[in-house]
Number of protein chains: 2
Amino acid sequence: MDKIRMGIIGIGNMGSAHAISLLRGDVPEIELVAVADTRQSRREWAKEALSPDIQIFEDGDKLIESKCCDAVLVATPHYDHPRFVIKALNSGMHVISEKPAGVYTGQVREMNEVAEKSDKVFAVMFNQRTNHVYRKMKEIVESGEYGRIKRVNWIVTDWYRTQAYYNSGGWRATWDGEGGGVLLNQCPHNLDLLQWICGMPVKVCAFCHNGKWHDIEVEDDVTAYLEFENGATGVFVTTTGDAPGTNRFEITLEKGKLVCENEQLSLYGLDVSEREYCFSATEGFAKPSGHMVELETDGENPQHVGVLKAFAARILRGESLVADGKEGIKGLELSNAMHLSSWLGRPVELPVDEALFLEKLNEKRNNSVKKQNVSEVTFNTEGSY
Amino acid sequence: MDKIRMGIIGIGNMGSAHAISLLRGDVPEIELVAVADTRQSRREWAKEALSPDIQIFEDGDKLIESKCCDAVLVATPHYDHPRFVIKALNSGMHVISEKPAGVYTGQVREMNEVAEKSDKVFAVMFNQRTNHVYRKMKEIVESGEYGRIKRVNWIVTDWYRTQAYYNSGGWRATWDGEGGGVLLNQCPHNLDLLQWICGMPVKVCAFCHNGKWHDIEVEDDVTAYLEFENGATGVFVTTTGDAPGTNRFEITLEKGKLVCENEQLSLYGLDVSEREYCFSATEGFAKPSGHMVELETDGENPQHVGVLKAFAARILRGESLVADGKEGIKGLELSNAMHLSSWLGRPVELPVDEALFLEKLNEKRNNSVKKQNVSEVTFNTEGSY
């Protein structure tokens, strides 16, 4: 095999963007051969917009059963990710799932078990991991050169969405259709990056506000407090209701501080570790000396194309993935912990109580209200995901 | 009276800085005539460093009883503020207290009652209110031009202190001597500014860590979540353990965003209110347009001198104070709420339960451990307060 035949299941906002990208030849080792969508309007779009060689299926099951692909990309509403991932793996296909891999960790665990028993590749679309600034932050933290993490503050309130966005699909922003709001739909990237760079917290206390800025039943505003194993603390603040929003990710280390704001990364390095200085200085109001450190990154941010290229390279040559399916569980666990903490009105420890989370989620699903005034629309996501 | 004769009670770090400033003639309408300190080393310092005309007392009681002053400035450890304030007011003197006015709100309430019954001026040293950037932020928020507040994030982790600082006084950073740590000693300014600019929250959930970065029994690391009456939320993060720290105060409004970082203020204004845009836009991923707004401030930041000039002008001509004694209770209530929430391990509503707070504080005081290795030192506070 020198080229992977790929099918895309779900051609809404994200799936159609991937289809167009693949047709354009952005990922030379992947050839788009099929798409599937349960909505007639999207299949009609595919007939017009895509190449006539591409097979169009009425649903993902038929696409998988046709065996026309070596790999599938799952871009359906979240609850269907696990079903299609598992079915495709069991049918001998490689799979890449849009984020979130699942809505609760039990689902992702099951997907990983199936993947492990197969000899197929299972990856997650964590395209923000390809961003040079986040890669650099991880490199600096992991190098240990600046000591251990003391504090993490991520204000990521630039996920602005209008009410029209939420009205664009019946499943969107419902407990039954999506299993959450900003944490499940927009933040999987940030939660994944947070744990990828800083490790997993051991305790979370979150305040989620449902339908605070939009007419929706799920959360569109979250403030979370985090505690890590080494005692470091953090905050994570997000919303789809702020304009202009902020994206400022600050990591204080024992010997410096990293700040990433609007994709600009700065590092202030101390001449000695603050931990040493604190106990050796004789002045009360003095501060350890330091200076800005020039950072060189490779400047690259190949996003989805980078993730898909790596996916192909793994299948064809065993190279490294951007994010293995196993990685999908960690950010999701953080998200589940934030939800559970907010629902219980108290801090929760990690690993999260999966059964309790699922019980509470199912209560929400059972009380989920079917949306009115839905107009199925596919938006241009350019620059927004 | 055309010049106010002032006595300073307590000439440690702050009191001695005030004495030197007054002697230098920084506040033309105030004449330093007396100082008091229970420590012989400080009285010896006063004898050497100050003018021979200045009376030196062994304690604040004697200074007040001497009736040599029209006004006193109280700069003792916090627990003694109320006692001297009340005694001075009752002795017919005007009073300005260093922050915090007291350690718990009941104290401040009592001080205000005494002040109200007298015809004397009672002010609090909230010198950071004189800073042009904070005055501008208040002006913009209060103008209503940018709508209501949606979110407040203040990361103020630039209160770095070494262990030597904490070793410099037996009362410092003890429950019995100071009644708290960074919240009581460093943050009264920030908590006052927060409520001055944004109003008081109605709910607080805080995570205080005691002796996390220093060998002390009180908190030196705090993360607090806030909720305001209109539903706005916020975070307040502070510590004396971070270097380099951050001072970034962000207020998101319905029609714009204010960011003050390192005393630089920026305002991004929207062309329409986000609240209107959200429900009228037809695109899902679109954002309301806007632009940076140039802000003109008067650039002035007269600090303590400004507060003392206003104090004199109030006494002499009835002009406005920077911060009336009544204002001292609000920031303190926020601090008390953060402590109480952390001690109880749950959110607390405001107004705070004063009796419960005092009960818990007294438990801490009773278990307070007398500090070892104390070396009484007075530091140069230049640029640090």
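A, B, ... follow the sequence lines: proteins, then strands. Residue 1 opens every chain. Scope of the values below: all heavy atoms of this structure, side chains included, with no hydrogens, waters or symmetry mates.
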Give me the atom names and distance for the closest heavy-atom approach of A/Asp158 to B/Lys287.
O-NZ, 3.3 Å

Closest approach of A/Thr162 and B/Ala281, non-hydrogen atoms and distance?
CG2-CB, 3.7 Å

Select one option (side chain, backbone, both, neither) describing which atoms of B/Arg151 are under 4.5 Å from chain A's heavy atoms.
side chain

Nearest-0.5 Å distance that lies between atom CD in B/Gln163 and atom OG1 in A/Thr282
13.0 Å

Step by step, work out the side chain to side chain contact (heavy atoms under 4.5 Å, CB included) result for A/Glu250 and B/Arg248.
CA-CA 11 Å; A/Glu250 171 183 271; B/Arg248 186 179 185 281; over 6 Å; no

If you count heavy-atom pairs under 4.5 Å with chain B, which of A/His214, A/Arg346, A/Glu227, A/Glu274 comes out on top?
A/Glu274

If you count heavy-atom pairs under 4.5 Å between each of B/Asn167, B/Thr252, B/Asp215, B/Leu253 and chain A, which one has the most?
B/Thr252

Does a salt bridge link A/Lys150 with B/Asp221, judged by any charged N lying under 4.0 Å from a carboxylate O?
no

Could you give the distance from SG (B/Cys205) to CZ (A/Phe207), rounded to the nearest 0.5 Å?
3.5 Å

Under 4.5 Å to a heavy atom of chain B? For A/Asn153 that would be side chain

Which pair of non-hydrogen atoms, one from A/Cys278 and one from B/Trp213, has the smallest distance, and what is that distance?
SG-O, 3.8 Å

Note: A/Ala243 and B/Leu270 closest approach over all heavy atoms is O-CD1, 3.2 Å

Looking at chain A, which one of B/Glu254, B/Glu261, B/Lys255 has the largest number of heavy-atom pairs inside 4.5 Å, strictly under?
B/Glu261

At what distance, to the nearest 0.5 angstrom, does CZ of A/Phe285 lie from OG of B/Ser168?
7.5 Å

B/His209, part contacting chain A, at a heavy-atom distance under 4.5 Å:
side chain

Between A/Lys212 and B/Gly231 (side chain of the first, backbone of the second, donor and acceptor by atom type, cut-off under 3.5 Å), is there such a pair?
yes

For chain A, the option from B/Tyr225, B/Tyr165, B/Tyr268 that forms the most heavy-atom pairs under 4.5 Å:
B/Tyr225

Measure B/Thr246 against the heavy atoms of chain A and call it side chain, backbone, both or neither at under 4.5 Å.
both

